Structures are given as C-alpha cells and as structure tokens.
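Single-structure report; data block below.
So you know, we letter chains A, B, ... as the sequences are listed, proteins then strands, and number each from 1. This one's a predicted model, so the numbers in the text were calculated from it and none came from an experiment.
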Protein chains: 2
Amino acid sequence: MGVSRKTKTVKLLLDLFDRKDCALSIVELVSTFSGKMNKSTVYRILNRLEESGLLHSFLGNDGLKRYAKGDQRPAKSKNTTMHPHFLCEDCGISSCLPLEISTSSIPNYTIKSSEQLYLGQCNNCQM
Amino acid sequence: MGVSRKTKTVKLLLDLFDRKDCALSIVELVSTFSGKMNKSTVYRILNRLEESGLLHSFLGNDGLKRYAKGDQRPAKSKNTTMHPHFLCEDCGISSCLPLEISTSSIPNYTIKSSEQLYLGQCNNCQM
DNA sequence: TTCTTAATGCAACATGGTTGCATTAATAAT
DNA sequence: ATTATTAATGCAACCATGTTGCATTAAGAA
Ligand SMILES: [Mn+2]
Ligand SMILES: [Mn+2]
Ligand SMILES: [Zn+2]
Ligand SMILES: [Zn+2]
C-alpha cells in the first residue's frame with residue numbers, strides 16, 4: 001500500500017496539488033489529465049496518495065469524491081486534524097476549513113467520526 | 001412538482017416509511033420493491049415526496065442517497081429542522097439525529113447550510 | 001546493464017441514477 | 001356511472017462514476 005515509485009504520472013498529480021490549494025474532484029482530475037494518463041491510473045494514484053497520507057478525501061453533496069492535501073487518517077493525524085469542508089454553491093470551488101470538529105456525544109450511539117460539509121458562497125462569489 | 005395522485009406505488013412507499021423509523025437508501029428501496037414497482041418509479045416518487053416535504057434526504061459516506069421522514073426544505077421547515085445524520089459502520093443502519101446544527105461562521109465564507117454525517121456504532125452494535 | 005515487480009493502459013465491467021416515450025390509471029368533469 | 005384529462009408508470013436505452021483483469025511498461029534495486 002502507499003506510493004513506492006515516483007512515476008511521471010504520480011509527479012503530475014503531486015505537482016498539481018502543490019500549485020492548487022483547493023480540493024479537486026476526481027472528475028476534474030481525470031479530465032485535466034486526459035491524454036496524459038488513463039482514468040484508472042488517476043483513481044489508483046489518488047488511492048495510493050491517500051493511503052500514504054499525502055492526500056485526504058471527502059464527498060461533496062453531489063456525491064463526487066474530492067481530494068486535498070494533507071493527512072486525515074485516524075490516529076496518525078500529524079499534518080491535519082479532522083476538519084469540515086466547504087463547497088461553493090455558485091462556482092463549485094471546494095476547500096478545507098481550518099476548524100476543529102467537535103464530536104458531540106449522543107445517547108445510545110457511539111460516535112467514531114464525522115463528515116461535515118458546509119455549503120454557501122466562497123470569497124469570489126459573495127453578493 | 002410534488003405528489004398529486006395517491007397511486008398504489010406511492011402508498012407502498014409511504015406505508016413503509018410509516019412503519020420504519022430509520023433512513024432508507026434508494027438501493028434498499030429499489031430492492032425491497034422489485035417486482036412491485038420499477039426502479040425509475042422509486043426514484044421519481046422519492047423525488048416528489050421530497051419536493052412535497054414528506055421526506056428529506058442525505059448522502060451516506062458511501063455516496064448512496066438515503067431518505068427519511070420529515071421536511072428539511074429551507075425556510076419552510078416546520079416538521080423538522082436541519083439536523084445531522086448517523087450511519088452505523090457495523091450494520092449500516094441510518095437515522096436522523098435529534099440535534100440542532102450550529103452553523104459556525106467562517107471569515108471569507110458565506111455559509112448557507114451544512115451536511116453532517118456521524119459515523120460509529122448504533123444501539124444494537126455497541127461493544 | 002540486467003532483473004524484479006510496481007505501476008500503467010486498455011477494455012470490459014459494475015452500479016447508481018436519468019430520460020424519452022408509449023401505456024395505464026387516478027381523478028376531475030360531465 | 002361514463003368519459004375525458006393528464007399525472008404517473010414501465011420499460012429499455014442511456015449516462016456517469018468507479019472498478020477490475022491482464023498484458024505491457026518502466027522505476028529503481030541489484
Ligand atoms: Mn480537508
Ligand atoms: Mn434526517
Ligand atoms: Zn465560489
Ligand atoms: Zn448498527
């Protein structure tokens with residue numbers, strides 16, 4: 001598991017995430033790199049990068065998986081802690097929110113983790 | 001938009017939601033009613049019931065849409081307010097959580113709503 | 001340079017969800 | 001009760017995201 005070879009395709013993806021600071025959906029990535037690498041390759045690299053802890057992922061309310069920089073694996077979180085994500089309803093841009101997730105406790109339930117997505121308008125799209 | 005005719009199939013779905021108190025994924029529902037109604041019919045009825053405010057929906061972290069009783073449409077919320085949802089990692093059961101969502105404000109972002117999914121163990125699956 | 005095997009490309013598949021259209025049936029009108 | 005209107009259904013074909021098996025390629029160790 002994890003990334004063990006720095007192939008051209010892996011570098012392409014890592015470079016992009018270096019430049020871009022927002023979260024990127026797989027669909028965007030597959031489209032961005034169409035011609036440069038195969039769809040399955042994108043999926044597989046993203047999997048490995050997440051296992052390695054270089055990226056983490058979350059689901060938008062459109063059901064699309066998005067990836068962003070940083071580790072979010074349980075119990076190993078050094079770079080990044082659990083945090084909510086934001087999705088702009090106007091332009092679709094998405095990003096990590098620098099907030100702690102406060103896991104409230106609920107009777108009869110054991111809560112292990114939580115996924116939080118905030119929806120609204122980003123900096124550019126306001127008013 | 002909304003439900004305007006109480007067809008046999010609509011009654012079947014409403015009856016089920018009357019009996020069951022938890023949230024149900026479309027996949028479950030399509031499977032439950034296979035033989036009784038068509039896949040597209042299930043999707044279309046659920047859409048209409050949500051527009052009517054009889055049901056509301058959310059996405060599991062598996063990307064599957066789930067439906068539960070009650071209205072969650074913005075600005076019209078009488079029955080139900082915005083609330084988080086729970087998904088048992090062991091048995092897959094899912095339900096609404098009776099909690100208010102506190103929309104924290106974040107600089108540079110206008111937050112309109114939020115989707116919160118709590119993951120863990122349900123009553124039955126604990127220890 | 002050679003060898004090992006992780007990683008890729010490709011095509012075929014799986015699953016969730018949507019759509020166009022002919023037909024059926026709930027309800028309104030007579 | 002009968003007829004007319006049209007919402008709702010079934011079906012088949014489609015679309016999108018995501019996965020998989022397998023032959024081939026290319027990192028990087030030896
Ligand atoms: Mn994040
Ligand atoms: Mn709910
Ligand atoms: Zn925006
Ligand atoms: Zn359970």
Next on the checklist: Can you measure A/L46 atom CG to D/dT17 atom P for me and round it to whole angstrom units?
Outcome noted: 14 Å

Next on the checklist: Both B/K65 and A/I45 contact DNA chain C. Which one's nearest nucleotide lies toward the 5' end?
Outcome noted: A/I45

Checklist outcome for this item: Checking D/dA27, C/dG17, D/dA8 against the side chain of B/V27 (C-beta onward), the nearest is C/dG17

Checklist entry - If you round to the nearest 0.5 Å, how far is CG of A/L117 from CZ of A/R66? => result 8.0 Å

Checklist entry - By a strict heavy-atom criterion of less than 4.0 Å, which residues belonging to residues 29-44 of chain B are in contact with DNA chain D? => result B/K36, B/M37, B/N38, B/S40, B/T41, B/R44

Checklist entry - Between D/dA7 atom P and B/L49 atom CG, what is the distance in whole Å? => result 17 Å

Item to check | For atom NZ of B/K8 and atom P of C/dT24, their distance in whole Å | outcome: 12 Å

Next on the checklist: Rounding to an integer number of Å, can you tell me how far A/E50 CD sits from D/dG18 C1'?
Outcome noted: 15 Å

Checklist entry - Under a 4.5 Å cut-off applied to non-hydrogen side-chain atoms, are A/I93 and A/L87 in contact? => result no

Item to check | Which nucleotide in C/dT8, D/dA8, C/dA6 has an atom nearest any side-chain atom of A/S4 | outcome: C/dA6

Item to check | Ionic contact status for A/K69 with A/D21, cut-off 4.0 Å | outcome: yes

Checklist entry - Could you state the CZ-P distance from B/R5 to D/dA7, rounded to the nearest angstrom? => result 7 Å

Item to check | Atom pair CD/CG of B/E89 and B/N61 - distance to nearest 0.5 Å | outcome: 7.5 Å

Item to check | Side-chain touch A/L97/B/Y109, heavy atoms, less than 4.5 angstrom | outcome: yes

Checklist entry - Which residue, B/I26 or B/T7, contacts DNA chain C at a nucleotide closer to its 5' end, judged by nearest heavy atom? => result B/I26

Item to check | d(CG, A/L64; P, C/dG17) in whole Å | outcome: 12 Å

Item to check | Test item: A/H85 side-chain N/O and A/Q116 main-chain N/O as donor-acceptor pair under 3.5 Å | outcome: no

Next on the checklist: Can you see if the side chain of A/T9 gets near the phosphate of C/dT8 - specifically, an N or O under 4.0 Å from OP1 or OP2?
Outcome noted: yes

Item to check | Shortest non-hydrogen separation from A/S52 to A/V3 and the atoms involved | outcome: OG-N, 3.0 Å

Checklist entry - Within this structure, what is the CG-to-P distance between A/L59 and C/dG16, rounded to whole angstrom? => result 14 Å

Checklist entry - CG of A/D62 versus P of D/dT17: gap in Å, rounded? => result 10 Å

